Amino acid sequence: MDPISILSGLGLGVAGNAVYDYLKARLTGPNPPTVEQLEQELQNIINVNGVTMQASTVIEALAKNGVITITRSHLNAPSSISIGAVNGRAYFGDNSSSTTATTAIHAGEGASIQFSGNAKIVQAPDGSIRFYT
């Protein structure tokens with residue numbers, strides 16, 4: 001059975017889309033990993049679900065070599081929040097919010113922001129929300 005058929009049978013939900021996309025890209029890319037390499041990469045996954053996070057200054061959720069999924073969660077930091085990927089994949093959504101003293105991002109049921117490569121969103125201290133690719 002080919003890798004895509006295996007992935008299709010997993011029945012991943014909305015939160016799993018980032019993991020699915022990451023695995024699909026790795027398995028069908030120009031240099032697919034060995035089983036051992038894939039096992040190591042799969043250890044680099046953080047799933048945040050139903051969590052409230054409060055920081056005194058900054059929150060940075062950047063997938064540097066793996067996958068981060070944030071679902072049904074609330075992130076709050078007064079100064080700045082960065083969410084995205086740096087050579088990885090990230091997913092933010094499905095009833096999640098990210099707020100600072102001057103900005104807010106709310107992703108309702110079924111809504112999401114997906115990041116890959118070097119893409120990120122920064123809620124900056126000056127009250128701006130910046131998108132980077």
Side-chain angles (χ1 to χ4, degrees):
M1 182 177 288
D2 70 291
I4 300 305
S5 296
I6 294 169
L7 290 174
S8 296
L10 293 177
L12 299 171
V14 173
N17 285 346
V19 175
Y20 175 87
D21 290 344
Y22 177 77
L23 291 172
K24 181 179 176 183
R26 290 294 289 134
L27 292 171
T28 60
N31 297 312
T34 65
V35 171
E36 292 80 16
Q37 290 170 324
L38 192 57
E39 286 175 352
Q40 179 63 38
E41 290 178 26
L42 290 177
Q43 293 177 17
N44 296 328
I45 296 175
I46 297 173
N47 292 308
V48 178
N49 184 10
V51 175
T52 298
M53 289 187 189
Q54 180 78 34
S56 60
T57 57
V58 172
I59 293 175
E60 190 172 276
L62 299 172
K64 293 188 179 176
N65 287 304
V67 178
I68 296 174
T69 63
I70 302 170
T71 59
R72 291 176 165 68
S73 296
H74 176 70
L75 309 177
N76 181 273
S79 296
S80 176
I81 298 177
S82 298
I83 302 171
V86 179
N87 199 30
R89 291 193 182 269
Y91 175 92
F92 174 87
D94 196 20
N95 286 325
S96 291
S97 63
S98 173
T99 59
T100 67
T102 57
T103 66
I105 298 173
H106 299 281
E109 183 72 34
S112 67
I113 304 169
Q114 296 184 37
F115 309 87
S116 63
N118 290 309
K120 67 180 175 179
I121 291 177
V122 176
Q123 294 170 255
D126 66 3
S128 65
I129 297 175
R130 299 182 182 132
F131 294 76
Y132 296 95
T133 59

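Since the model is a prediction, treat every value here as computed from it, not as a measurement. For reference, positions follow the sequence shown, starting with 1.
Nearest heavy atom pair, residue Ser97 against residue His106, reads CB-ND1, 3.3 Å. The two residues Ser98 and Ile81 make their nearest non-hydrogen contact at OG-CD1, 3.2 Å. Residues Ser80 and Ala77 come closest through the heavy atom pair O-CB, 3.7 Å. The two residues Ile68 and Ala61 make their nearest non-hydrogen contact at CD1-C, 4.0 Å. When all heavy atoms of Gly93 and Ala107 are compared, the closest pair comes out as CA-CB, 3.7 Å. Here the closest heavy-atom approach between residue Tyr91 and residue Ala111 is recorded as OH-O, 4.3 Å.
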Discussion item. Apply side chain to side chain contact (heavy atoms under 4.5 Å, CB included) to residues Phe115 and Leu62 and explain how you reach the verdict.
Written reply: CA-CA 10 Å; Phe115 309 87; Leu62 299 172; over 6 Å; no
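Connection of Leu75 to Val122 is not established within any shared hydrophobic cluster, with ILVMFWY side chains joined at heavy-atom distances below 4.5 Å, either directly or through further cluster members. Cluster annotation: Ile121 is not connected to Tyr132 through the hydrophobic network of ILVMFWY side chains, with a link wherever side-chain heavy atoms come within less than 4.5 Å. Cluster membership for Ile70 and Val58, using ILVMFWY side-chain heavy atoms within less than 4.5 angstrom, is not shared. Criterion: ILVMFWY side-chain heavy atoms under 4.5 Å apart, direct or through other members. Under it, Phe92 and Ile46 are part of a common hydrophobic cluster. Residues Val67 and Val86 are members of separate hydrophobic clusters, defined by side-chain heavy-atom contacts under 4.5 angstrom among Ile, Leu, Val, Met, Phe, Trp and Tyr.
Sorted by first and then second residue, the pairs that involve residues 50-61 and meet side chain to side chain donor-acceptor pair (under 3.5 Å), not counting sequence neighbours, are Gln54-Asn76. Listed by first and then second residue, the salt bridge (Lys or Arg N to Asp or Glu O under 4.0 Å) pairs that reach into residues 102-122 are Arg72-Glu109, sequence neighbours excluded.
Just one of Ile113, Ile83, Thr99 meets the side-chain contact (heavy atoms from CB on, under 4.5 Å) condition when paired with Ile105; it is Ile113.
Interatomic distance, Asn118 CG to Thr133 OG1, rounded to the nearest 0.5 Å: 9.0 Å.
In this structure, the side chains of Thr71 and Asn95 stay at 4.5 Å or more apart for every pair of heavy atoms.
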